[in-house]
Amino acid sequence: MAAVFLVTLYEYSPLFYITVVFVCFLVTSGLVLGWFGLGVPVILRNSEETESSTRILKKRMRQVKNPFGLEISHPAAASVTKGIALTPDCLEDCILTCYWGCSVQKLHEALQKHVYCFRIKTPQALEDALYSEYLYRQQYFIKKNDKEEKYCQLPEDAQVVDFGPVPRSRYPLTALLTLADEEDREIYDIISMVAVIHIPDESYRLSCRILYQYLLLAQGQYHDLKQLFMSANAPSSSDASAGERSTDRSLLEKVGLAEGEPEQHEENSKDCVVCQNGTVNWVLLPCRHACLCDGCIKYFQQCPMCRQFVQESFPLCSKKEQDEDESTHILQDVLPGRVF
């Protein structure tokens with residue numbers, strides 16, 4: 001059908017026929033080479049074209065110091081009946097307050113009150129906003145740089161074995177970290193941290209983990225602390241325990257794959273996923289993949305890991321900080337016995 005149309009067009013006007021074919025050729029070439037910005041793979045473009053294309057917006061960042069840190073110790077052993085061990089890591093003296101069975105609705109209302117009504121600087125401020133909508137409270141005083149485990153457990157007379165079916169109206173555990181000294185609250189922009197923790201029970205056996213972390217600022221904002229995604233190698237044999245290594249080796253021997261000692265690999269999870277040479281320094285938004293170095297960030301409008309379009313990006317550290325780190329590593333390599 002198309003051939004008949006072209007022949008008819010040529011017989012009607014050879015000049016018009018040539019013009020139509022030429023325009024079709026230009027449109028096809030433009031689509032293939034990405035002249036119209038339709039997301040054609042970068043490999044089809046040269047470096048000059050790519051660098052001159054639309055740059056990804058650089059997100060404006062403001063550096064703040066977070067005085068709070070909280071980790072779950074032995075998450076596999078945590079349960080509602082047995083309790084949970086938490087390891088704080090704070091830069092200043094803090095107060096750790098744990099609320100068992102905190103109301104989901106009241107907690108989020110409290111976060112909104114921090115923005116519009118009053119600042120949640122102390123445990124009492126949060127309790128006033130919660131209207132005592134929790135089952136049990138435990139409180140610990142955390143000394144500066146104290147990393148001792150704090151054990152939280154519901155009392156036996158509470159007789160709580162689960163928090164009901166999903167969706168739930170109560171969080172299993174909500175941990176609040178606040179600065180103990182009033183003078184410290186004037187120094188730091190971040191004045192408290194709220195961590196919502198899931199603990200497995202008889203109704204919902206999802207492994208223990210931190211579901212949400214909210215950083216509360218003195219200016220009346222709060223931010224959801226999110227994880228960054230980086231490509232990482234399997235842990236080396238030096239990182240794994242002896243029991244884990246023997247178990248892994250026995251499994252390999254069963255399938256005939258363990259012929260010798262496992263080869264020691266250098267950790268290179270911080271290498272750029274594209275050039276495999278530069279240090280990863282850029283985080284892509286909204287996918288939050290940290291996968292590109294300073295040299296490769298200008299060539300990509302889509303994330304090389306998930307292919308999602310990049311709306312914004314921000315660096316993990318400045319060029320000055322990178323140069324200082326590199327110089328430190330060089331000095332350590334030259335003089336391994338010295339501490340810098």
Side-chain angles (χ1 to χ4, degrees), residues 1-63 221 223-234 265-327 329:
M1 190 70 179
V4 174
F5 173 74
L6 291 175
V7 170
T8 306
L9 185 63
Y10 179 78
E11 292 176 351
Y12 176 75
S13 175
L15 183 60
F16 183 68
Y17 168 81
I18 295 173
T19 304
V20 170
V21 172
F22 182 70
V23 170
C24 292
F25 173 76
L26 289 179
V27 171
T28 304
S29 301
L31 291 174
V32 172
L33 297 178
W35 292 342
F36 302 111
L38 297 180
V40 178
V42 177
I43 195 172
L44 296 179
R45 312 179 190 175
N46 59 45
S47 59
E48 294 179 358
E49 280 184 306
T50 307
E51 289 186 34
S52 62
S53 62
T54 305
R55 295 294 180 90
I56 298 172
L57 294 177
K58 183 177 179 180
K59 189 176 182 65
R60 292 186 178 182
M61 308 296 291
R62 184 168 66 93
Q63 185 175 4
Q221 302 94 7
H223 299 292
D224 185 5
L225 195 62
K226 298 182 179 180
Q227 293 182 341
L228 301 181
F229 302 109
M230 297 185 69
S231 59
N233 294 335
H265 293 282
E266 237 178 74
E267 180 63 39
N268 60 354
S269 61
K270 292 186 178 180
D271 290 343
C272 174
V273 299
V274 177
C275 66
Q276 297 292 312
N277 186 31
T279 302
V280 167
N281 190 40
W282 285 87
V283 180
L284 309 180
L285 298 176
C287 65
R288 305 200 308 277
H289 278 117
C291 56
L292 294 176
C293 64
D294 291 329
C296 294
I297 182 66
K298 56 188 175 182
Y299 296 107
F300 288 87
Q301 295 181 14
Q302 291 176 268
C303 174
M305 297 188 71
C306 65
R307 298 296 185 263
Q308 186 171 356
F309 279 96
V310 179
Q311 298 177 5
E312 288 180 309
S313 62
F314 66 89
L316 293 173
C317 62
S318 63
K319 183 66 176 175
K320 181 180 178 181
E321 291 173 341
Q322 279 190 352
D323 294 339
E324 290 176 355
D325 290 342
E326 289 177 1
S327 62
H329 290 318

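Everything numeric in this text was worked out from a predicted model, so none of it was measured.
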For Cys293, the side chain to side chain contact (heavy atoms under 4.5 Å, CB included) test, sequence neighbours excluded, returns Cys272, Cys275, Cys296
- Task: Let me see the working for Val273 and Val280 under side-chain contact (heavy atoms from CB on, under 4.5 Å), right down to the final yes or no.
- Result: CA-CA 8 Å; Val273 299; Val280 167; 5.6 Å; no
Taken in chain and number order and not counting sequence neighbours, the residues that satisfy side chain to side chain contact (heavy atoms under 4.5 Å, CB included) with Gln308 are Pro286, Cys287, Cys306
Residues pairing under salt bridge (Lys or Arg N to Asp or Glu O under 4.0 Å) where one sits in residues 301-313, two or more places apart or in two chains, turn out to be Lys59-Glu312
inquiry  = With heavy-atom distances below 4.5 Å as the criterion, would you say the side chains of Pro315 and Asp294 are in contact?
reply    = no
Output for pair (Leu284 CG, His289 NE2), nearest 0.5 Å, gives 8.5 Å
By side chain to side chain contact (heavy atoms under 4.5 Å, CB included), Asp224 pairs with (sequence neighbours left out) Tyr214, Lys226
query: Less than 4.5 Å apart, any side-chain heavy atom of Phe300 and any of Val274?
result: yes
Taken to the nearest 0.5 Å, the spacing of Leu292 CG from Lys298 NZ works out to 12.5 Å
